[in-house]
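Note sheet for the following structure.
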Amino acid sequence: MSELPADNPLRVDLINRPIPDPCIIVIFGATGDLTRRKLIPALYNLAADGNLPSSLAVVCFARRDKTNESFREELGEAARKYSRRPVNDELWARFASNIFYHRSSFDQVDGYTSLGRELETLDKRFGARGNRLFYLASSPTEFDVILENLCASGISQAKSGAWSRLIVEKPFGTDLPSANRLNSAVAAAFPERDTFRIDHYLGKETAQNIMVLRFANTVFEALWNRRYVDNVQITASEPLGVESRAGYYENSGALRDMVQNHLLQLLCLTAMEPPIDLGADAVRNEKVKVMQALRPLTGAAVAENVVRAQYTDGFINGQEVPGYRQEPGVAPESMTETYVALRLHIDNWRWAGVPFFMRVGKRLPKSGTEIAIQFRGTPPVLFNRESPLQDPNVLVIRIQPDEGISFRMAAKMPGALLQLEPVKMDFHYGTSFGKATPEAYERLLLDAMSGDATLFARRDEVEQAWTFVDGIREAWHDGDAPRLDFYPAGSWGPRQADELLAQAGAVWRRL
Amino acid sequence: MTTAPTISPGLPVEVGEIERQLGLLWEQSDAGKVRASLVNLVIYSEIPDAIAANTPLLSAIAADHAFRALLVQGNPDAEKSAVQAWITAHCHLRETGKKEICSEQITFQLDGPAADRLSSIVFSHLDTDLPLYLWWQGPLHPDPAPTFWSWVDRLIVDSNTWASPATQFGILGEIETLGRGRCAIGDLTWTRLFHLRYAVAHIFDGAAARGCIGELRHLAIVHHPGHRLTALQLLGWIASRLGWNLDVEGARPVFRQRGGAIVTFRLQEESAAACCVPSVDLDFGEAHGRVHREAGADFYLTEFRATGAEVIAQMLPAERDKTSEILLSELSRASRHSLFWPAIRAIEPLLR
């Protein structure tokens, strides 16, 4: 008799996705915000949907002194606050009874030895068959010591017939050398196929829909190349300032916080070739090829193609807000960028000559992440003989909020005059599909339990992304570093970012 | 004799004026309203007062699944031939935006000989290019016409309401054949069983329970008096998935496993049952599996007990009992129910 739930004859046709195996999830840094706000609510929602494996226990590893009961109570409050659906008391009580608190500091080998014993006991009690999913939700500075001790205590080693997997939260390093070090530490404890690097953008429905839009619709893919596309604009804007993250943000800045991971992932999904299948490696191979074809930006090319800027005081929604340097925890002379705009080129057959513009910024007027494919104009022979059309076709994929897709095209205005106006065809997820979208973490946890790494970043993807971003950062720290520009809070960024596009005869989209 | 609907289905309109009147309705509505549609949903019913029963149901599902609905009340026994029509819209504010999302409802009452004009009425008022889902309430008519049924993308029925299920499943099979692969069948009785089937299947995710499958000797299913067919479909699903054949032992029907072992079963009617099938017991001799739902509970409790082993218990979501929610699950399903016909065939002799 097979050990796999997938071989259950009554499972056939009930759900169209891999069935997760029984397992124990061990969360390191479990008293942090991520566990309370995202991980436990996501696991609870999976339980409410009946999507958890038949046997599951969660062990929360952290330093603070807590009991199982007090920690379950804390998590219960968090689940009630952050769960996307109301918490059912009976279900919560049953779910919470499978959560255990393991107190230890990350550098105590004894703590891992006792964790190993606890896991053995829970295995017998829950029938988890030795399957383990380790989640690094601690501060990145603790990753090394946790991995070292997992390895030294032998816990990371998968038992015969079982699996042992690792989920790593971003940031995956702060530059290429640190990413290499982290990846080596990970590789010493877990093989690459069992390593799941989370970029929660990839768990969003709309990010997953990019591949569906491109490869399940004949009409788009035929136009998705240098013959028809004039430029591509990827935007991630938010009205929020640095808030309480000054300590982290001062060291990271917009480039490392957003571009190295989320935006480059969106770029890859937009620009990649069709994979040979939907398997994790087939998809990630194609994404890596995009990174490899990305024209490096180093030295003088950085000044020509990258704008970095910082917000000054201004107004958001009519409310006066301070400049970045006046925010608590920020150095008065800080040179950290809160805005980056880039002009990128992908030197391959499909995209040669098509600029990809990318911008990310804080204290911009509106919150929104989108990918806009700007198509070329029509030849100037019929309707635009006198003057070129002002509004060529644009296909916009809105990642958040108001997830959806819109297409702008020209139409004749009613009347005797031949006058063209742009009109928009709009698809909104919220309008068409009433059901609530699962949180990205629900999908990602389920995939990790099922061993599907498609929506996770592979080592070479991460390292390619750092190689690219490090080139820019090195140029910024050179003697001839391009200046830091400034933009008032509530504006769409510095003038220099507009000039970046003007050189290509383009303008930024106004969200 | 026919009567006016007891709940207003909206603005009365001339049949030939429907599209124009709908256009006016949208022109006059404020800018905060957006018309949306994923599907043409036709509901046909000859049950008295079907318009009053279905209009609130359509309003409820419009919140989650935008449509153009054609609600058709057929009164073939009426003496006078007449066609009446009404238009309305169901608008709901979505959490994600400030706009109200609206679905259109066109209602028809076809009296007397006009009741035969269903296909003409339907084809004249469909939203172009969107799939046609037809919910046929009550018994299907014999001798289905290919000119109509070959255009239906999904036929929804509720077999639990049929007085002669064996005959009706025969007609359903004919209709599916007429569709030449186009028409998917959705039986709400089958859809209603989804979460219960999921809960039963969940028991066998564990290797210990799966190892006992061949030892299953008795099945006991408790059902509400109005849900014998629901219980039978559950039985048929288990039998077809596990490769059992219906047989007779003495005078009673039993299932025979592939190896020849006999599985007895009992369908127990319980008038106090709070839902259609509140419990399923699986007896393996040395082990016992159970799926149970308390009155008013949103979850099934599943248990597997084997001698000398710890009880494996879990809570799994249960279906909502409202018809609108069962219909929504069916509308949200993009694929066919591949196990439906094997389940029906497994219990076919018990339908008579």
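Throughout, a chain's letter reflects where its sequence line sits, starting with A, and its residues are numbered from 1.
Of the two parts of B/Leu242, only the side chain, counted from C-beta on, holds a non-hydrogen atom closer than 4.5 Å to a non-hydrogen atom of chain A. Within the 4.5 angstrom heavy-atom criterion, only backbone atoms of B/His337 (N, CA, C, O) approach chain A. Both the backbone and the side chain of A/Asn51 come within contact range of chain B, with heavy atoms under 4.5 Å apart. Only the backbone of A/Asp49 comes within contact range of chain B, judged by heavy atoms closer than 4.5 Å. Contacts between B/Ala199 and chain A at a heavy-atom distance below 4.5 Å are absent for every atom of the residue. Residue contact with chain A, scored on non-hydrogen atoms closer than 4.5 Å, is absent for B/Tyr300. In this structure, no portion of B/Leu193 lies under 4.5 Å from any heavy atom of chain A.
The candidate with the highest count of non-hydrogen atom pairs below 4.5 Å against chain A, out of B/Ala201, B/Ala313, B/Ser240, B/Ala208, is B/Ala201. Interface summary for chain A: among B/Ser338, B/Pro317, B/Gly243, the most heavy-atom pairs under 4.5 angstrom belong to B/Pro317. Among the candidates A/Arg94, A/Arg125, A/Lys124, the residue making the largest number of heavy-atom pairs closer than 4.5 Å to chain B is A/Arg94. For chain B, the option among A/Ser55, A/Gly127, A/Pro401, A/Gly50 with the highest count of heavy-atom pairs below 4.5 Å is A/Gly50.
Contact record, A/Leu10 with B/Phe204: CD1-CD1, 3.4 Å, taken as the closest heavy-atom pair. Shortest non-hydrogen contact noted between B/Asp205 and A/Arg129 is O-NH2, 3.4 Å. Shown here for A/Asn88 and B/Asp298, the closest heavy-atom pair between the two residues is ND2-OD2, 4.3 Å.
Taking CG of A/Leu52 as the reference point, atom NE2 of B/His202 lies at 7.5 Å (rounded to 0.5 Å). Atom CZ of B/Phe340 and atom CG of A/Asp13 lie 12.5 Å apart (nearest 0.5 Å).
Relative to the six-membered ring of B/Tyr198, A/Arg11 meets both conditions, a distance below 6.0 Å and an angle of at most 45° to the axis.
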Could you please spell out the steps behind the side chain to side chain contact (heavy atoms under 4.5 Å, CB included) verdict for B/Ile312 and A/Phe126? CA-CA 8 Å; B/Ile312 299 170; A/Phe126 287 93; over 6 Å; no
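The main-chain N or O of A/Pro53 is found under 3.5 Å from a side-chain atom of B/Gln314 such that the two form a donor-acceptor pair.
At least one side-chain heavy atom of A/Pro9 sits under 4.5 Å from a side-chain heavy atom of B/Arg210.
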